[in-house]
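In what follows, a structure is listed as structure tokens, so that the remarks can point back to it.
All chains are named by letter (A, B, ...) in the order of the sequence lines, taking the proteins before the strands, and each is independently numbered beginning at 1.
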Number of protein chains: 4
Amino acid sequence: MNVKDPTDKKERIIDAAIKLFSEKGYHGATTALIAKEAGVSQGIIFHHFKNKEDLFFSLLKEKCNFFMVEFRKKVGNEQNALRKIEIALLTYVHLVQKDKKFFEMLIMQTTGSGLDLEKINKYGMMEAFRIIGEIVKEGIQQGVIRKISPEVAATCIFGMMDYNVMNWLLFGENFSLEETSKQVVDIFLRGIAKTTI
Amino acid sequence: MNVKDPTDKKERIIDAAIKLFSEKGYHGATTALIAKEAGVSQGIIFHHFKNKEDLFFSLLKEKCNFFMVEFRKKVGNEQNALRKIEIALLTYVHLVQKDKKFFEMLIMQTTGSGLDLEKINKYGMMEAFRIIGEIVKEGIQQGVIRKISPEVAATCIFGMMDYNVMNWLLFGENFSLEETSKQVVDIFLRGIAKTTI
Amino acid sequence: MNVKDPTDKKERIIDAAIKLFSEKGYHGATTALIAKEAGVSQGIIFHHFKNKEDLFFSLLKEKCNFFMVEFRKKVGNEQNALRKIEIALLTYVHLVQKDKKFFEMLIMQTTGSGLDLEKINKYGMMEAFRIIGEIVKEGIQQGVIRKISPEVAATCIFGMMDYNVMNWLLFGENFSLEETSKQVVDIFLRGIAKTTI
Amino acid sequence: MNVKDPTDKKERIIDAAIKLFSEKGYHGATTALIAKEAGVSQGIIFHHFKNKEDLFFSLLKEKCNFFMVEFRKKVGNEQNALRKIEIALLTYVHLVQKDKKFFEMLIMQTTGSGLDLEKINKYGMMEAFRIIGEIVKEGIQQGVIRKISPEVAATCIFGMMDYNVMNWLLFGENFSLEETSKQVVDIFLRGIAKTTI
DNA sequence: CATGAATGAGCGTTCATTCAT
DNA sequence: CATGAATGAACGCTCATTCAT
């Protein structure tokens, strides 16, 4: 009667996978554990996903696509490059707060899992990286950003933001992610701006 | 006959471990592989280290202690906080370049390996983190750095530097780490300085 | 709407099963694969057959019964035992050529599949074996065949023929099964005949 | 103290494998069962053999090499091709009787296991097949064998012998393999000989 | 101290079979 | 009758760790 029933199970697998991947890492989260957490049999995971790696990357792909859409929606109307970056980063923070478990997984597994990093980047954050680089280029043309390498700038801001988020996810939550993020953005914008405001 | 033989073996294990952990990740580097690479028996690893995790953290601890000494030596005589930070970061870059394999391991395994992150930080970079925080505090007192959270600032600079180094380790080496690091330091210092220089 | 639909499906299952059993062996041919090849659901296989083994033996039984009828029809009118054997064997060759896939399955799975060999023989070739034995007995009574054990003779001819066919199925088809079969029959008949012709 | 101890375990694995492969087929003989039968842990199988398939082919290779040596030794001194064949076949029968379990495995798994038949032949009986073909050629040159295809003749004799042995292994042992084998050889030799003796 | 064969729990994955729809 | 998602026991195989030598 409920058409959503089958999807329901797939969704429960996805949720359980995100939870366990972030809590225990790629290797620590066994398929048996994921199945148990999702309340399904082990076998059904392999109906919906080719294998464990496919499960992992499916999560990544799906979520990241969704985020990119959000990203562009928010940034779209703004003209000033510095404002654009600010909006983009605060959007990122909001997404993190709304989808904590997923970002825990994403950041925790970005390296070290033994998974193909190129795939992680391809399905994951490469696009966001590229977008920030583009905005920096715009800012340089607009004359509001110093002549710096867009790639270096993008690397910087992702490093800053991710470490800040990581801190929050791991040790924090006793500080306001929003508050510290504003400080991070401030440091970055001052660091790249042509004139100090 | 040779008294140095056992130390020799331990060292060979350490070198092999660093090489394989960085190349294949914590899980990909099996103890059997490490023993083979080191040219020792599997069993002897467990004479020198309690278990695989202990081997990993021993590497971390030992190297990081060495780095901290280097760090303090270089920074020690400088008075100006901004210069101190600059020196600290460039020292970091030099250490990375001298000990690529180890940093590959450190950065690649910081997350995702399923290892206890608190332990990694404890034996690893927590100290460096604390040092940078201290310098930022000094800078604020000296009036050369804006009133910002030392923790946030430290988080930022480590994020920027590590992502920059990661890029270099993973995709790069076709760009100069030294050159991009200078840009990173520049962005950071401008971002936190009280007045633009 | 179409009354023949169910039979149709059963037949499609049978055809798919023969194809896949012969191509991939008993274990390689999964029920899921058979269902897909037949264009039916997995579940329906178990409406028509008790289980996978039952499916296998049903194929065997059905086909073999058909072959026995053919066999007797061809051999029926002949009086001379040696001629009878010759006809029987050439009939066998024609059946093989007409129904290659099935014999591929039969010969390939006669051993090694882990299936109960007694069952295979029971539903399969035991009858043919018995028939040849009978003809040999007749031949001995007629005085055209030496006093040999009918069972041994039957074993011989089936071994010769099957290995010849197996060669053809596996490696051959670049030689004429008909031509080599005639040589095989010739060797056998000379081997058992009372006087060389 | 006993240098043979490690080999002992490998040998116990080999014996258990031959026993179970022949009794239950390649798929029925699980590695767990083989380990249990051998009284060893599951893991150790994979110390000595790359994987299950390797275990199977190692058995084949080792034994078959040994048999080929025996074969040549026995046949070596004989000049007359017909006698050579007779000796070869009776040698085969003796080997079968001495090493029943192994031949049970060999014949049972020749087809149907889903294993690569070319490999089975390569490590297994291809060599014997070739040898018989050679002897037939000699016999034709000697003028004691009719002008027949050596390949067809070899196929015939292997088919006859194997089916006879199979009968004995499966149902028999209530008849003398030696006795029936002589009848088989007799039928074959008369079938291929130039003049009836 | 040193060895490496041995262990065995646990991994990801498969698949014949079932059953709610 | 028909479906195919769901099951779960069992598979081949791995690997950190142990221990007799």
(request) Name all stems that contain residues of DNA chain F, defined as runs of 3 or more consecutive Watson-Crick or G-U wobble pairs, both distances under 3.5 Å. (result) E:2-21 with F:2-21
(request) Using the test salt bridge (charged side-chain N to carboxylate O under 4.0 Å, His left out), find all partners of B:K63 that sit at least two apart in sequence or belong to another chain. (result) B:D99
Calculate the interatomic distance between [X] atom [atom1] and [N] atom [atom2]; express it in whole Å.
X     : N      : atom1 : atom2 : value
C:I45 : F:dA2  : CD1   : P     : 13 Å
C:I34 : F:dG4  : CD1   : C1'   : 17 Å
A:D54 : E:dT14 : CG    : C1'   : 16 Å
B:F49 : F:dT18 : CZ    : P     : 16 Å
A:F21 : E:dG12 : CZ    : C1'   : 12 Å
C:K24 : E:dA16 : NZ    : P     : 12 Å

(request) Please state whether the phosphate of E:dG8, meaning OP1 or OP2, lies under 4.0 angstrom from any side-chain nitrogen or oxygen of D:K36. (result) no
(message) From C-beta outward on C:H48, which listed nucleotide comes closest to its side chain: E:dA2, F:dA2, F:dA6?
(response) F:dA2
(message) My understanding is that only residues two or more places apart in sequence, or in another chain, count here; which of them pass ring pair (Phe, Tyr, Trp, His ring centres under 6.0 Å) with D:F49?
(response) none
(message) Can you list everything that forms a side-chain contact (heavy atoms from CB on, under 4.5 Å) with A:A29? Sequence neighbours excluded, please.
(response) A:L20, A:F21, A:I34
(message) If the condition is side-chain contact (heavy atoms from CB on, under 4.5 Å), which residues does C:I44 pass it with, not counting sequence neighbours?
(response) C:K9, C:I13, C:V40, C:S41, C:H47, C:H48
(request) With sequence neighbours left out, write down each residue that passes side-chain hydrogen bond (donor to acceptor under 3.5 Å, both in side chains) with A:Q42, or none if nothing qualifies. (result) none
(request) Can you check each nucleotide of nucleotides 12-17 of chain F against protein heavy atoms at under 4.0 Å and return B for base, S for sugar-phosphate only, - for none, in 5' to 3' order? (result) BBBSBB
(request) Pick the P atom in E:dC1 and in F:dT21, then give their distance to the nearest Å. (result) 23 Å
(request) Scan residues 25-41 of chain A for pairs that pass salt bridge (Lys or Arg N to Asp or Glu O under 4.0 Å), counting only residues two or more places apart or in two chains. (result) A:K19-A:E37
(request) Please test A:F67 against A:F103 for ring pair (Phe, Tyr, Trp, His ring centres under 6.0 Å), starting from the C-alpha separation and ending with a verdict. (result) CA-CA 11 Å; A:F67 292 150; A:F103 279 91; 5.1 Å; yes
(message) I want to check a possible cation-pi pair here: D:K50 against D:F57, using under 6.0 Å from ring centre and within 45° of the ring axis as the test.
(response) no
(message) Closer than 3.5 angstrom, by distance alone: can the side chain of D:K101 be matched with the main-chain N or O of D:D15 as a donor-acceptor pair?
(response) no
